[in-house]
Structures are given as structure tokens and as C-alpha cells.
*Asks:* 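Can you read through this structure? Questions will come right after.
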Amino acid sequence: MKLAQVLFSQGFGSRRECAARILDGRVTVGGRVCDDPDEDMALEGLVFEVDGRPWPYHAKALLMLNKPAGYECSLKPRHHPSVLSLMPLPLRNRGIQPVGRLDEDTTGLLLLTDDGSLIHRLTSPKHHVPKIYDVVCKHPVDGTQHAALLAGVVLDDDPTPVAAVAVETTGTHSLRLTLMQGRYHQVKRMMAAVGNRVETLHRSGMGPLRLPDDLPVGEWRWLDAGMAWR
Ligand code: URA
């Protein structure tokens, strides 16, 4: 692929802007200035630098964000900034979107991608992707609540009970829940249905992925193809 097309595909502006960056000598590959927009690039393992910042080529973008509280997953946020404001402009230009939603006050693992079919596969109820939530509750968690979460509770918008596939008591006031569904405010409503209340909610896992300990709050990283459901 020609270098100008590489930059364009990775979200670095219009074709004209990409060519101009290259002609200005702002693009390097392995430290070598590449100032010919028509230079052919092998895509496999390609890492180029724009103004010194390394950028690995990805045909599709798949990223993991350690979501802070105080950010909305909506593309048109109403009360708080969007999680997209935490992502660099080339990724936003590519049209990345959150995979499903976390509430504004929920923290932890959020995937973002520009791959529409992947979003569908990860969010469709048919595909059964487990989500792990660490919950801190207002009231102590007892055996009755634990059992009810596993047996299934009825939420206010649907008579079919929803159950956690796993419940682990992690403290007097805390639980780890694994859910297969992704219904609106599901954890908060399940905890309310058993007579408790969520104080803090953190997603620590999704499918085979776990939020790495070394990914600081508000930071993101690339996920390689194959790591998640490709
Ligand atoms: N359940 C909730 O209640 N909120 C979230 O953000 C995610 C799951």
C-alpha cells in the first residue's frame, strides 16, 4: 500500500493532508524519513512514526481502555465527556466506538473498535460473551442474596429472570459477578432486586480478556488480532 494511503487508512486526515505530512518529512519508518507519498509499504508488522510518535498499522482498530469514572460511553454525551475524548484523534477519525456501554460511574475494561461486525459479535446476546464485574455494595452481602443472584432475579422491564453465571463473595460488602447478558444497568438492578445497592462498579474481564494491572486508569492499548474473538 502506498504510504499516503497507509496514513489515510489509519485516520491521519484527508488524502491531501496525509500527502502533505509525508512531503513535509514528518513521517518516518524505523527512523528513516519517508518523504515520498507514493512509496510502497509492506503492511505486515509495519510501524511508522508521525512527528516521532510510533503508530502500528492495523487494518481494523481494536483497543482496550481502562475507563475512569466520569465519562460516558455515548458518542453524543449529555452530562460528562465521552470516553472517546480519551483516545487520540487518528482513532476517533477512524470511527472507533465502544463495544457495549458502561455507565458513567462504572470503571474498568472497555473495548473500542472500528470493526462493526466485531461489535455485533461481542454485544449480540446470541454470542454469550461473559462479563466480570467487581461490585462494592452499600449493605453486607449475605447468603440469601448470593443464592438469589445465581438462581435469577426479575428486573422491572421483563418478567424473565436474569441470573449470574458465577458469584464470588470477595468481602463483607463485595462480590464478583459474571454475567452473560448486557442489559441496561443490569448489575445495579440485580443488586437492587436482592435488596442491596451498588456503591462502586468495576468491570475486570470480558470474554478471554482481563484488565491488566499495569494499564493505568484513563489509558488505552492496542489489542492484537487473535487476542479477542477474531
Ligand atoms: N451493569 C450496570 O449496572 N452498569 C454498568 O455499567 C454495567 C453493568
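Computation of the quantities below employed the complete heavy-atom set of this structure, encompassing side-chain atoms and omitting hydrogens, waters and symmetry-equivalent molecules. Order of appearance sets the numbers: ligands from 1, and atoms from 1 within every ligand.
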*Asks:* Is it the side chain, the backbone, both or neither of Leu179 that has a heavy atom closer than 4.0 Å to ligand 1?
*Replies:* neither
*Asks:* Identify, for atom 1 (N) of ligand 1, the protein heavy atom at the shortest distance, and state residue, atom and that distance.
*Replies:* Val187 N, 3.0 Å
*Asks:* Please indicate whether any nitrogen or oxygen in Arg183 is less than 3.5 Å from any nitrogen or oxygen in ligand 1.
*Replies:* no
*Asks:* Restricting to pairs with a member in residues 86-112, which pass side-chain hydrogen bond (donor to acceptor under 3.5 Å, both in side chains), not counting sequence neighbours?
*Replies:* Gln10-Arg94, Arg94-Asp114, Asp103-His185, Asp103-Lys188, Asp105-Lys188, Thr107-His202
*Asks:* Which of the numbered atoms in ligand 1 are under 4.0 angstrom from any heavy atom belonging to Thr106?
*Replies:* 4 (N), 5 (C), 6 (O)
*Asks:* Any nitrogen or oxygen of Arg189, side chain or backbone, less than 3.5 Å from one on ligand 1?
*Replies:* no
*Asks:* Which pairs of donor and acceptor atoms, one on a side chain in residues 80-88, lie under 3.5 Å apart (sequence neighbours left out)?
*Replies:*
from	atom 1	to	atom 2	distance (Å)
Ser82	OG	Ser74	O	3.2
Ser82	OG	Leu84	N	3.0
Ser85	OG	Ser82	O	2.7

*Asks:* Nearest protein heavy atom to atom 4 (N) of ligand 1, by residue and atom, and its distance?
*Replies:* Asp103 OD2, 2.7 Å
*Asks:* Classify the ring geometry of His58 against Trp222: parallel below 30°, tilted from 30° to 60°, perpendicular beyond 60°.
*Replies:* parallel
*Asks:* With a 4.5 Å heavy-atom cut-off, do Val50 and Phe12 have their side chains touching?
*Replies:* yes
*Asks:* Which pair of non-hydrogen atoms, one from Asp38 and one from Asp36, has the smallest distance, and what is that distance?
*Replies:* N-OD1, 2.8 Å
*Asks:* Which of the numbered atoms in ligand 1 are under 4.0 angstrom from any heavy atom belonging to Tyr133?
*Replies:* 7 (C), 8 (C)
*Asks:* Are Pro37 and Leu23 close enough that some pair of their side-chain heavy atoms sits under 4.5 Å apart?
*Replies:* yes
*Asks:* Would you mind running through ligand 1 and noting each atom that sits below 4.0 Å from a heavy atom of His185?
*Replies:* 1 (N), 2 (C), 3 (O)
*Asks:* Mind checking whether Arg101 has an N or O less than 3.5 Å away from an N or O of ligand 1?
*Replies:* no
*Asks:* Do the side-chain N and O atoms of Gln145 and Asn196 include a donor-acceptor pair separated by under 3.5 angstrom?
*Replies:* yes
*Asks:* Checking the N or O distance criterion of under 3.5 Å, is ligand 1 in contact with Leu102?
*Replies:* no
